[in-house]
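Report on the following structure.
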Amino acid sequence: MTRLAIIADVHGNLPALDAVMADIQDAAPDQVVVAGDTVNRGPQSKECLQRLRDMGWPMLFGNHEEYILKFGNETVPDEWLTDWWLPIRRVSEELSAEEKDYLRTLPWDHVVNVPGLPAIHVLHGSVRALNDGLGFWKSDAELLAATDVPETVVIGAHTHRPFNRRVGKRWVLNCGSVGAPFNGDLSAQYLLLTATNGQWKADFRAVPYDHSPLYDAWAHSDVLERSMVAQIFMYEVETATFHLTSYLDFCEANHLSKNSLDSVARYRAASANVVPGRSLR
């Protein structure tokens, strides 16, 4: 039996990664591919990067790896130097020059060829951009344009939401997120493919884990007190819901500063009854 695991969007969440790695060990896939965004958002980026490098699995370049490498560039936006973006600055400070050099070497895609099975093209976003995710909001025509490669099976990440659609001969999937799902499921999520009768069968895995070590890691850093975006990142993990854009919209609509703990508290109260996995708009 041939199996392939695709994991992505770990985002510095070590207990989620450990839970997925334990599940992968039980599933015993022949190959594992890491489809980008190992770092940033969460407080344990360095540990997650080290853990995955030790495994020797193919790892892809995501938009958050790009953010880290851009941080020291003179063209970085001035706002990135404020406390709002302190989490990304902390990751940039924590990673060594060698680790950043490693990130620069990461490819943007990876092709899996197994004799007798459809070839698989793995990427982080789409063939057009790192931040062009494959998801339910795309029409069939848009999906085909975003997955214009020779391989008939294309697997993306970036959206933090599992996805599965067939468009003609093309099969488009999204593996979901290990460390920060946005589909309302608090579990660590990844995709396991198993070969059956010359075809791949998809199993979207959701692995429960204890979130408290992640919250402890955040609490022992200084980012939660200084950076409201870190507060929102943590709230996204707590709810498995994307909140960042909704939070900014909420602050603008209510004439609130985005850099205030009171604004975050008011947003959390206002969004408490939102259906998990759906943003407050």
Worksheet item: Leu134 and Leu4: same hydrophobic cluster, using ILVMFWY side-chain contacts below 4.5 Å?
Response: no
Discussion item. Donor-acceptor pair, distance only, cut-off 3.5 Å: does the side chain of Thr196 make one with the backbone of Gln199?
Written reply: no
Discussion item. Around atom CD of Glu252, are there more than 12 heavy atoms from other residues, nucleotides or ligands closer than 6.0 Å?
Written reply: no
Response to the item:
Nearest heavy-atom approach of Glu79 to Trp84 is OE2-CD1, 4.0 Å
Worksheet entry | Val111 side chain reached by Val122 side chain, heavy atoms, under 4.5 Å | no
Response to the item:
Output for pair (Thr239 OG1, Met234 CE), nearest 0.5 Å, gives 11.0 Å
Discussion item. Can you tell me how far apart CD (Glu66) and CG (Asn40) are? Round to the nearest 0.5 Å.
Written reply: 12.0 Å
Worksheet item: Okay, side chain of Arg3, backbone of Ala195: is any donor-acceptor separation there less than 3.5 Å?
Response: no
Item to complete: Scan side-chain atoms only and decide if Ser221 and Arg90 contain a donor-acceptor pair under the 3.5 Å cut-off.
Response: no
Worksheet item: With a 4.5 Å limit on heavy-atom distance, are the side chains of Trp108 and Leu60 in contact?
Response: no
Discussion item. If you apply the rule side chain to side chain contact (heavy atoms under 4.5 Å, CB included), what do you find for Val149 with Asp109, and how did you get there?
Written reply: CA-CA 11 Å; Val149 293; Asp109 58 3; 6.0 Å; no
Worksheet item: OG/Ser271 to CZ/Arg266 distance, rounded to the nearest 0.5 angstrom?
Response: 13.0 Å
Practice prompt. Under the side chain to side chain contact (heavy atoms under 4.5 Å, CB included) rule, what do Tyr102 and Leu49 come out as? Steps first, then yes or no, please.
Written response: CA-CA 10 Å; Tyr102 171 77; Leu49 180 61; 4.1 Å; yes
Practice prompt. Answer whether the closest heavy-atom distance between the side chains of Tyr247 and Val264 falls below 4.5 Å.
Written response: yes
Discussion item. Could you go through Ile155 and Asn174, starting from their C-alpha distance and side-chain angles, then the distance that decides it, and tell me whether this counts as side chain to side chain contact (heavy atoms under 4.5 Å, CB included)?
Written reply: CA-CA 5 Å; Ile155 301 174; Asn174 193 304; over 6 Å; no
Practice prompt. Could you please spell out the steps behind the ring pair (Phe, Tyr, Trp, His ring centres under 6.0 Å) verdict for His243 and Tyr267?
Written response: CA-CA 9 Å; His243 287 287; Tyr267 174 78; 5.5 Å; yes
Worksheet item: Is the closest side-chain donor-acceptor distance between Ser260 and Asp262 under 3.5 Å?
Response: no
Practice prompt. Evaluate the side-chain proximity of Pro87 to Val229: yes if any heavy-atom separation is below 4.5 Å, no if none is.
Written response: yes
Fill in: pair Met55-Met21: side-chain heavy atoms closer than 4.5 Å
yes
Worksheet, complete the sentence: In short, Ala202 meets Leu173 closest at the heavy-atom pair CB-CD2, 3.8 Å
Item to complete: Give a yes or no on whether a salt bridge exists between Asp203 and Arg205, defined as a side-chain N under 4.0 angstrom from a carboxylate O.
Response: yes
Worksheet item: Can you name the closest pair of heavy atoms from Asp185 and Ala206 and give their distance?
Response: OD2-CB, 3.6 Å
Practice prompt. Indicate yes or no: does Glu98 engage Arg53 in a salt bridge with an N to O separation below 4.0 Å.
Written response: yes
Fill in: NZ/NE/NH1/NH2 to OD/OE distance under 4.0 Å, Arg104 and Asp101
yes
Practice prompt. Please answer: with hydrophobic residues joined when any side-chain heavy atoms are less than 4.5 Å apart, are Ile6 and Met59 in the same cluster?
Written response: no
Worksheet item: Side chains of Ser177 and Gln189: does their closest heavy-atom pair fall under 4.5 Å?
Response: no
Worksheet item: Closest heavy-atom contact between Ala19 and Pro208?
Response: CB-O, 4.2 Å
Item to complete: Spell out, as yes or no, whether a donor-acceptor pair under 3.5 Å connects the side chain of Glu65 to the backbone of Gly62.
Response: yes
Item to complete: Look up atom CH2 in Trp171 and atom OG1 in Thr147, then write down how far apart they are to the nearest 0.5 Å.
Response: 13.5 Å
Discussion item. By the salt bridge (charged side-chain N to carboxylate O under 4.0 Å, His left out) test, which pairs, at least two apart or in different chains, include something from residues 24-36?
Written reply: none
Worksheet item: Sub-3.5 Å donor-acceptor pair from the side chain of Gln25 to the main-chain atoms of Ala22, do we have one?
Response: no
Item to complete: Step by step, work out the ring pair (Phe, Tyr, Trp, His ring centres under 6.0 Å) result for His11 and His160.
Response: CA-CA 11 Å; His11 284 297; His160 299 209; 4.9 Å; yes
Item to complete: For Glu99 and Ser96, indicate whether the former's side chain and the latter's backbone hold a donor-acceptor pair under 3.5 Å.
Response: yes
Discussion item. So that I can tick it off, tell me whether Glu238 and Arg268 are bridged by a salt bridge, with the cut-off set at under 4.0 angstrom between side-chain N and carboxylate O.
Written reply: yes
Practice prompt. Using distance alone, with no hydrogens and no angle criterion, decide if Tyr190 and Asp23 have a side-chain donor and acceptor under 3.5 Å apart.
Written response: yes
Discussion item. Among residues at least two apart in sequence or on other chains, which ones pass side-chain contact (heavy atoms from CB on, under 4.5 Å) with Asp132?
Written reply: Ser126, Arg128, Ala129, Lys138, Ala146
Practice prompt. Indicate yes or no for a side-chain donor-acceptor contact from Arg165 to the backbone of Phe136 under 3.5 Å, with no hydrogens or angles considered.
Written response: yes
Discussion item. Starting from Val91, can I reach Leu103 by hopping between I/L/V/M/F/W/Y residues whose side chains sit under 4.5 Å apart?
Written reply: yes
Worksheet item: Just checking, any donor-acceptor pair under 3.5 angstrom between side chains of His158 and Asn131?
Response: no
Worksheet item: Do Val20 and Phe204 belong to the same hydrophobic cluster, where Ile, Leu, Val, Met, Phe, Trp and Tyr are linked whenever their side-chain heavy atoms lie under 4.5 Å apart, directly or via other members?
Response: no
Worksheet item: Under the 3.5 angstrom rule, does the side chain of Asp37 hit a backbone N or O of Asn63 as a donor-acceptor pair?
Response: yes
Worksheet entry | Rounded distance (nearest 0.5 Å) linking atom CG of Leu81 with atom CG of Leu86 | 11.5 Å
Worksheet item: Heavy-atom distance under 4.5 Å between the side chains of Met228 and Leu261, does that happen here?
Response: yes
Fill in: Residues forming a side chain to side chain donor-acceptor pair (under 3.5 Å) with Ser257, sequence neighbours excluded
none
Discussion item. To the closest 0.5 Å, what do you measure between CH2 (Trp80) and CD1 (Ile88)?
Written reply: 4.5 Å
Worksheet item: Any chain of hydrophobic side-chain contacts (each under 4.5 Å) joining Leu191 to Trp200?
Response: yes
Discussion item. Strictly distance-based, threshold 3.5 Å: is any side-chain N or O of His211 a donor or acceptor partner for the main-chain N or O of Tyr209?
Written reply: yes
Worksheet item: Gln31 versus Val112: any side-chain heavy-atom pair under 4.5 Å?
Response: yes
Worksheet entry | Arg89 side chain vs Thr82 backbone, donor-acceptor pair below 3.5 Å | yes
Worksheet item: When you check the gap from the basic side-chain N to the acidic O, do Arg41 and Asp9 get nearer than 4.0 Å?
Response: no
Worksheet entry | Smallest separation among heavy atoms of Leu130 and Phe61, with atom names | CD2-O, 3.4 Å
Fill in: Trace of the side chain to side chain contact (heavy atoms under 4.5 Å, CB included) decision for Leu193 with Ile120
CA-CA 11 Å; Leu193 295 173; Ile120 298 173; 3.6 Å; yes
Discussion item. Minimum heavy-atom separation for Ala16 and Gly179, please, with both atom names.
Written reply: CB-CA, 4.1 Å
Discussion item. Can you classify the ring geometry of His64 versus Tyr67 as parallel (below 30°), tilted (30 to 60°) or perpendicular (above 60°)?
Written reply: perpendicular
Worksheet entry | Gly133 backbone acceptor or donor facing Thr159 side chain under 3.5 Å | no
